[in-house]
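This report concerns only the one structure given below.
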Amino acid sequence: LLARLLALAAAAAARRIPTGGFVAAAPRVRTTPLRRPRTTKAVALAALPTLALYESTSQLINDAGCTAGAAAGAVAWIKVWTTLAERGVIDAKLARKIVHCGSGPLYLLVWRFYSDAALARVVAALVPALNIVKLQKAAQDDNELSRAISRSGDPSEVLGGPYVYTWVLLLAALVAFRTPAAIVAVSQMAVGDGLADIIGRRFGRQKWFCNPEKSYAGSLAFVIGATGASIGLLRWLGFPAPLAPLVAISVICALVEVL
């Protein structure tokens, strides 16, 4: 029941995320140098008391390494698709949605490597927390990050879909770290919503009778993508992955997106 409620909440959020999620947009092609926003130290300083309460040094080092790796991986994931879009190898809209599909699941993949320490979830949550700070800074002026995750390059768009997406990841880490509920919810929001847009734009000729902006092909892609991602991530993190319930959750979330 909890997994279904979280999945519905994620799907509802996805309806309001036309541009993708956490750093989920490729930039417009530009030839001028771009400025990178500075990252505040506030989140890191706030985490110091938590780190001091860790059970052992080895666990702390392990979890800190996982967080550093996850943060670096997120930057690399965006950079790959950003570069391809800038060079004209791939359409910018498609690149943005690919980043949207992959950001959440890639973050969840790293969860497997955190220790069993009670505070591991807090250290894991530093990744989306730091990105929330980055998004807040990026919304203040024209910079590389705001151009990368908005459709038009307008910095104000940063505090729309990408901001909500990143908050969902933060809450998933803090409230439901390494649980089936978080896995299924993120799969719906990231992979389901992202694939629905990609497939819907390309093959979505037949539209829903109740929403001419949504297509049957997009909804089918939502169900297949969200279910497949849920199964893969659940098994990766050591959970059973019953097909029928996962399909049912994905169908419900796809219908919520249509409505």
Side-chain angles (χ1 to χ4, degrees), residues 3 6-7 9-11 13-14 17 19-26 39 43-44 47 50 62-82 95-117 119-136 138 145 148-149 158 161-195 225-226 228-239 241 253:
L6 277 177
I17 305 180
T19 62
F22 160 59
V23 289
T39 303
V43 175
T50 297
N62 175 81
D63 294 349
C66 289
T67 292
V75 172
W77 176 250
I78 300 163
K79 190 64 177 179
V80 167
W81 299 106
T82 294
R96 185 173 63 246
K97 281 299 178 179
I98 292 175
V99 173
H100 173 95
C101 289
S103 296
L106 287 174
Y107 173 54
L108 265 59
L109 286 176
V110 185
W111 283 8
R112 175 174 176 173
F113 303 107
Y114 283 90
S115 72
D116 294 329
L119 296 176
R121 68 179 63 213
V122 178
V123 178
L126 289 176
V127 177
L130 288 170
N131 279 287
I132 287 173
V133 174
K134 284 185 178 181
L135 292 176
Q136 292 172 337
L145 184 59
I149 63 178
V158 171
Y163 198 60
V164 174
Y165 188 110
T166 311
W167 268 102
V168 171
L169 294 182
L170 176 63
L171 294 175
L174 290 176
V175 178
F177 184 60
R178 280 196 298 224
T179 64
I183 295 168
V184 174
V186 171
S187 296
Q188 307 297 317
M189 176 186 70
V191 182
D193 178 66
L195 280 181
S230 297
I231 291 174
L233 288 170
L234 284 169
R235 290 180 176 174
W236 172 253
L237 290 170
F239 296 106
C253 291

_Expected output: side-chain Tyr165 to main-chain His100 donor-acceptor under 3.5 Å_ = yes

*Quick one: does Thr67's side chain get under 4.5 Å of Tyr114's, heavy atoms only?*
yes

*In Å and rounded to the nearest 0.5 Å, what is the CG to CD1 distance from Leu126 to Ile132?*
11.0 Å

_Closest non-hydrogen atom pair, Leu170 against Ala125_ = CD1-O, 3.5 Å

_On a heavy-atom basis, which atom in Phe177 and which in Ala124 lie closest, and how many Å separate them?_
CE1-CB, 3.7 Å

*Give the minimum heavy-atom separation between Pro105 and Val191, together with the two atoms involved.*
CG-CG2, 3.6 Å

*Where do Arg112 and Arg178 come nearest, in terms of heavy atoms and distance?*
O-NH1, 4.2 Å

*Could you give the distance from CG (Leu195) to CD1 (Ile98), rounded to the nearest 0.5 Å?*
9.5 Å

_With heavy-atom distances below 4.5 Å as the criterion, would you say the side chains of Lys97 and Asp193 are in contact?_
yes

*Determine, step by step, whether Val175 and Arg121 satisfy the side chain to side chain contact (heavy atoms under 4.5 Å, CB included) criterion, reporting the C-alpha distance in whole Å, the side-chain angles of both residues, the deciding distance to 0.1 Å, and the verdict.*
CA-CA 8 Å; Val175 178; Arg121 68 179 63 213; 5.7 Å; no

*Are any side-chain N or O atoms of Asn131 and backbone N or O atoms of Ala71, one a donor and one an acceptor, separated by less than 3.5 Å?*
no

*Are the side chain of Trp236 and the backbone of Leu109 linked by a donor-acceptor contact shorter than 3.5 Å?*
yes

*Are Met189 and Cys253 close enough that some pair of their side-chain heavy atoms sits under 4.5 Å apart?*
no

_Nearest-0.5 Å distance that lies between atom CG in Leu130 and atom OG1 in Thr166_ = 11.5 Å

*For the student: nearest non-hydrogen atoms of Leu233 and Leu108, plus distance*: CD1-CD2, 4.1 Å

*Run the side chain to side chain contact (heavy atoms under 4.5 Å, CB included) check on Ile231 and Leu234 step by step: do they pass?*
CA-CA 5 Å; Ile231 291 174; Leu234 284 169; 5.9 Å; no

*Quick one: closest heavy-atom pair of Tyr107 and Leu169, and the distance?*
CE2-O, 4.1 Å

_Student check: side-chain heavy atoms of Trp111 and Thr179 closer than 4.5 Å_ = no

*asked:* I'd like to know if the side chain of Tyr163 reaches the main chain of Gln136, judged simply by a donor and an acceptor atom lying under 3.5 Å from each other, with no hydrogens or angles considered.
replied: no

